[in-house]
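Structure, as structure tokens:
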Amino acid sequence: MVTIRIFDTTLRDGEQTPGVNLNVREKVEIAKEIAAIGVDAIEAGFPNSSQGDFSAVLAVARELKGVQVAGLCRAVTGDVQRAWEALRFAEAPLINIVIASSERHMMHKLRMTEHEVVERAVSAIKIAKSYCHDVEFTAEDASRSDKQFLCRLLQKAIAAGATIVNIPDTVGYTTPQEYAALVQYVLNNVSNIEKACLSVHCHNDLGMATANTLSGLTAGARQAEVTVNGLGERAGNASLEEVVMALSTRRNYYNLEHKINTHGIYKLSQLISKYTGMEIAPGKPIVGDNAFRHQSGIHQHGVLTDRETYEIMSAESIGRYQVDSLVLGKLSGRHAFSERLHDLGFHLSPEEVKAAFEQFKVLADRKKDVTVRDIAAILEGRLHDVKPVVELANYQILSANNMNSTATVCLTRGGETLQKAAIAGGPVDAAFKAIDEILGLNLSLESYVIKAVTEGADALGEVTVRVKYGDGVYLGKNVSTDIIKSSIMAYINAINRIYGEMLLN
Ligand code: KIV
Ligand code: ZN
């Protein structure tokens with residue numbers, strides 16, 4: 001059976017999701033988790049797009065072993081050089097060069113002729129080849145390009161040294177049959193195609209990214225470019241979990257292997273959702289909350305008798321656990337706690353287990369039953385820890401019916417204690433206003449989402465905020481049984497990210 005390559009672009013195309021903004025440390029952590037499930041390549045960013053992207057690609061390239069690390073660049077000398085600077089310490093570097101090949105893009109965006117596009121592509125690939133062996137060439141908007149020109153361009157790219165050629169459906173326009181025909185056309189009409197790996201990269205504007213990707217693979221492409229949870233520009237990219245689980249679940253149909261350890265999929269999906277602040281829709285295939293839930297009596301009965309009556313894959317095969325089951329109570333010991341963490345796929349050092357156990361004990365004092373979800377929330381909450389410049393010392397809220405709320409907030413910053421009171425329509429609003437007055441930063445709240453982690457009045461409340469400062473949008477998160485406190489802490493978490501970035505620059 002043929003084994004296809006999984007090229008993950010969560011950190012590059014996925015990070016282009018509006019509202020997602022990851023720092024270098026987060027990108028490295030995410031890259032390690034993506035690598036751990038067995039992807040062949042990770043596209044870590046677009047090094048010449050910003051200093052932040054450059055630093056992230058550099059850090060991922062330095063730290064990751066056993067996986068190819070890719071950086072995107074335009075077919076421009078400076079871009080290729082910068083990509084190489086960022087990738088030069090990678091164990092297996094891959095430079096991904098992109099230039100558009102459709103008439104619309106060439107005419108309106110690049111203002112170049114076909115001849116100029118070919119020249120640019122060839123010259124950029126040659127420069128990249130002088131640095132490293134593995135070079136990918138991406139013909140942007142390939143699915144809307146003139147097929148004959150596309151084949152000429154790919155032929156020249158391969159002759160110049162490209163080892164992978166990618167034919168994206170950049171705008172999510174194609175259909176499964178049409179994309180399969182394009183893949184076949186390329187395989188039949190690019191004379192040196194056997195010297196390169198043909199890659200597919202599909203966007204989800206018409207909800208067909210997964211189907212188009214699978215169709216491209218069936219037609220003979222050997223690499224799929226995907227993102228975890230389908231993150232990406234506009235409606236997103238083909239999702240890793242959907243493509244991989246389709247190949248596994250319908251193995252007899254597709255006859256294609258991959259190297260992904262599917263048991264890591266659920267944890268990875270949750271982790272990416274937490275880091276990016278992008279909630280997963282309940283009905284999202286494979287990883288949504290409802291993907292393995294059965295509502296109707298007939299279905300429940302069927303599943304109890306034989307799971308396969310209504311389940312085409314098992315929750316365990318993607319590492320999902322019984323999220324609502326009770327696990328621990330107030331009197332549980334550290335050993336039981338640590339075992340449960342292990343079952344959940346968290347591999348923590350003894351010090352980390354100790355710190356999480358202390359948080360668990362505080363929670364178990366307030367909450368009768370602590371579930372797996374609560375524990376996961378405790379651990380995931382810590383993902384968002386950043387070195388605090390500002391810390392909450394105290395707060396007081398006065399809130400009443402038909403009256404404004406008053407918040408007094410006391411913060412510490414570098415040994416200084418700062419306090420202010422503010423009035424607003426609601427308690428959270430008033431607290432944020434008091435913080436703004438203390439710090440004097442010009443912030444605007446882009447979004448505020450509160451969600452119960454589990455059921456019941458004593459459930460943990462998870463608050464996610466997005467705060468705009470200058471040109472950037474910063475995510476803040478916190479989890480607590482007290483929703484005013486988690487709101488204030490999430491806001492401070494976002495502010496500490498802003499300070500963190502200020503210190504870096
Ligand atoms: O969708 C696309 O065409 C891309 C390229 C820039 C690789 O993401
Ligand atoms: Zn894309």
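Each ligand, and each atom within it, is numbered from 1 in the order the structure gives.
N290 contributes no side-chain N or O that, together with a main-chain N or O of R293, makes up a donor-acceptor pair within less than 3.5 Å. Checked by atom type and distance alone, the side chain of E136 never pairs as donor or acceptor with a backbone atom of I97 at under 3.5 Å. S145 contributes a side-chain N or O that, together with a main-chain N or O of S102, makes up a donor-acceptor pair within less than 3.5 Å.
Residue contacts with ligand 1 for E225 are absent, since no atom lies close enough (heavy atoms, distance under 4.0 Å). With a 4.0 Å heavy-atom cut-off, ligand 1 is reached by the side chain of D13 but not by its N, CA, C or O. Contact annotation for H105 and ligand 1: no heavy atom of the residue comes within less than 4.0 Å of the ligand.
Environment of NZ in K284: crowded, with over 12 heavy atoms of neighbouring residues, nucleotides or ligands closer than 6.0 Å.
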List the steps, then state whether salt bridge (Lys or Arg N to Asp or Glu O under 4.0 Å) holds for R104 with D141.
CA-CA 9 Å; R104 176 172 258 113; D141 207 16; over 6 Å; no
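D13 contributes OD2 as its N, O or S atom closest to the Zn ion (ligand 2).
Under the 30°/60° scheme for interplanar angles, the aromatic rings of Y131 and W84 are found to lie parallel.
Of all atoms in ligand 1, listed by their number and element, those nearer than 4.0 Å to a heavy atom of T138 are 7 (C). The H201 neighbourhood of ligand 1 comprises atoms 1 (O), 2 (C), 4 (C), 8 (O), with distances under 4.0 Å to a heavy atom of that residue. Atom numbering of ligand 1 starts at 1 in the shown order; those under 4.0 Å from a heavy atom of H203 are 1 (O). With ligand atoms numbered from 1 in the order given, ligand 1 contributes 3 (O) to contacts under 4.0 Å with heavy atoms of E140.
Distances from ligand 1 to the non-hydrogen atoms of Q16 include no value under 4.0 Å.
Of the candidates D79, V98, N96, I127, D79 is the only one forming a side-chain contact (heavy atoms from CB on, under 4.5 Å) with C73.
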